[in-house]
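Note on naming: letters A, B, ... go to the chains in the order of the sequence lines (proteins, then strands), and numbering restarts at 1 for each one.
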Amino acid sequence: MSAITMRALTKVYPNGVRALDALDLEITDGEFFALLGPSGCGKTTLLRTIAGLELASGGSVHIGDRAVTQLPPGKRDVAMVFQDYALFPHMTVRENIAYPLRIKKVDRRARGEKAAETADELGLSALLDRRPGQLSGGQQQRVALARAMACHPQVFLLDEPLSNLDARLRLEARTFLKRLQRELGVTTVFVTHDQAEALALADRIAVMEGGRIRQVGTPTEVFRRPANTFVAGFIGSTPMNLVDAEVRDGRLVVAGAPLPVPDDTPVTDGEKLVYGVRPEYLDYTAEAAPDALHGQVVVVENLGSFSLVSLDLTGDGDAATIQVVVPEGREPQPGDSGWVMPRPGRSLLYRDGELVSPAAAPAVPAARAAAAAEQ
Amino acid sequence: MSTATSTAPAPRRDAPAAEASGIAVRHVLARIGRYVFLCAVLGFFALPLLWLATAPFDDTPTITASLPQFTLDNFRALLDNPYALSSLLNSVYLAAGTAALVVTFAALAAYALSRVRVPGRDALLYGLLLLSSIVTGTATMVPLFELAFRLNLIDSRLGVILILSGGLLPAAIFILKDFMDGTPTSYEESARVFGASPLQIVRHIVVPLVRPGLATVGVWAVANVWGNFLVPFLLLRGPEKAPAAVIMYTLYTEGGQADLRLLSTFSLLYSLPVALMFVFVSSRYGFRFHGGIKR
């Protein structure tokens, strides 16, 4: 169990692709940490560099107080669960779980006992003599986890741990993984492209884009106060509304409608900003209201307990679409005219893609510390 | 057809029925024609095998297959030949030695070529494949003989094994590299993270995964050596080291005629081990893959 520290970590592939770009990151001891980003953002490369499967082109990796940058994977005391689980097909479940111990020259009996013990913890006792091909996806994943646990590593690395499971099993495995990590208390880093998975599982999330980290924070921080428009658009099952806005006479003009400048953000008259607000933090009403955006309903998407309503804002010239979450039973019809009111304290302003709204101190005290750490 | 006729309106019942029977007749005729053709082809290929089955047990075999005057004298006569049985053993030595060398080195080379990015790798492989057909071919027999002579490998089984291995290796590497390319690298990476050394990875993971490929290459190497005449004929001097393919060439009567009684009997003994090996390997190692990677 130890922290992982990366300093100016860079990875350039022989074909010139810069997968990691001078990246600094600290993962604390015992943390469940998510690397989140779209495909090709370098998150898997970062995980493989921590594992030692890729050698860094520059910078350093420390696990605990050991410098492991140049160590081969076997000497780093990490265990990795691959996306395809990589269970050896010619070995039984018992042999698979015992394999790390076989490499460490533990004698046959001791490793058999250890394998049975680990399998028992994960509810795999009945499957010890089966081969991986005879197991379901969820069972295969638990065998892969058991194999990683058997060698008591300091760090677990999980590459897309849930992506190979079907939707129902995924929810089950998510709860299982989180409980297991809490019980073991081992520093765990996992890679995912699914923001819901990252929000649900992780203690902290690093959102990556193009080999750089765009924001590090707890799920709450990343969800409530995305540090830039990239993170704002990436996090959330319904992406944040990002609309062009302009400051006029101390008011924020969004698609022709003047709104109050949120949270005393320091702005100058005439400057152009991006106004961001989540669909969940908007209220739809059919009657005209002050400090509201006016538009026409174009699409209503039923999402079960709520509907996602898209409105074309009828402003002066600049067309913009905004999405709002409406609770069930109050959905408008396409073609209806309606007003959308942002809830106080939930709107954000972005200047040149970076967040400028000051942290609302009482609401999310940790955010300021994170923002300070970012700089 | 019954549904078609029953649903058709009454006055027109005859027309579709006649049409249907016409189709059925044509179908049967086509099938008969196909089987006749297949029988002819099968007979063409089966006749030599039929000769191999009957001639060894015939008192007076000819070059045609005929109902034998049953006898086992031919086998007794063959046992009297001092070199017949030992030559089969020689063939086994040569085949086993070559197969072991080819499988070992081809597996290591194919693994390396499959996993390491070497510039010009494919050109290298195709070049080797092209040259390999020359190495054990007739064209290079003189330089090969010269080479074996300088290295003191004339009349040595090792010399024959080395030259045959050299000829078979490129194709074996080519086949095995394809097998290696087909196995996901995450197995090996997983083992690497657990601290396995490259040799351990090959022993524990790669070899079991590509076992069908190794078996294929082994069988193919054995069959090649078993049937090779030229290399052992030129490099081995005395009949006491000669393999079966060379000894068969010496089975003449005093009159200089091919001794069909010995030849047919020896042919049968000569072909049985290879046939048995095919059956054994395909039942033992067959082409199967266990799975375990979630696709």
How are the rings of B:W226 and B:Y270 set to each other: parallel, tilted or perpendicular (split at 30° and 60°)? parallel

Checking heavy-atom separations under 4.5 Å from chain B, one finds in residues 53-80 of chain A A:L53, A:P73, A:G74, A:V78, A:A79, A:M80

Do A:F176 and A:L145 have side chains that approach each other closer than 4.5 Å (heavy atoms only, starting at C-beta)? yes

SB check A:E117 A:K114 (cutoff 4.0 Å): yes

For the residue pair B:L125 and B:L129, establish whether any side-chain heavy-atom pair is separated by less than 4.5 Å. no

Side-chain touch A:P161/A:V81, heavy atoms, less than 4.5 angstrom: no

One thing to verify: whether B:E189 and A:R48 come together as a salt bridge, which I'm taking to mean a side-chain N less than 4.0 angstrom from a carboxylate O. yes

